[in-house]
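Structure record follows, encoded as structure tokens.
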Amino acid sequence: LASRYDLAKEKLSYFMTHVGGDDPAEPYHVAMTSKLIEKIVPDYQLEEFEKKVKLAYQCHAGWCQDVINLSMQSRYLREAI
């Protein structure tokens, strides 16, 4: 986020708390998730698991967009009053 939007990562409190500063947690999350999948999803179910993960991600992304849209609509209504 910081590099994509040219922001100082130190000012993003959630980012600093959850992801970390100079030692970002993303590689640890990826490794942990990969190991978890290896342990609980049999090889023959990997394709179906991937489909379901993508579907869940799309649902989540859609939900997030809906929340943003509702927030913007509410903001415009307040400004109009």
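Separation of atoms CG (Leu70) and CD (Gln65) is listed at 10.0 Å; rounding is to 0.5 Å. The NZ atom of Lys39 sits 8.5 Å away from atom CG of Leu36, with the distance rounded to the nearest 0.5 Å.
Residues Leu46 and Ile37 are in side-chain contact: their nearest non-hydrogen atoms beyond the backbone lie under 4.5 Å apart.
By the 6.0 Å contact criterion, CG on Asp43 is open, its count of non-hydrogen atoms from other residues, nucleotides or ligands being 12 or less.
Using modelled atom types, one side-chain atom of Ser34 and one backbone atom of Val30 make a donor-acceptor pair closer than 3.5 Å.
Ile40 is connected to Phe49 through a chain of hydrophobic side-chain contacts under 4.5 Å among Ile, Leu, Val, Met, Phe, Trp and Tyr, so both are in one cluster.
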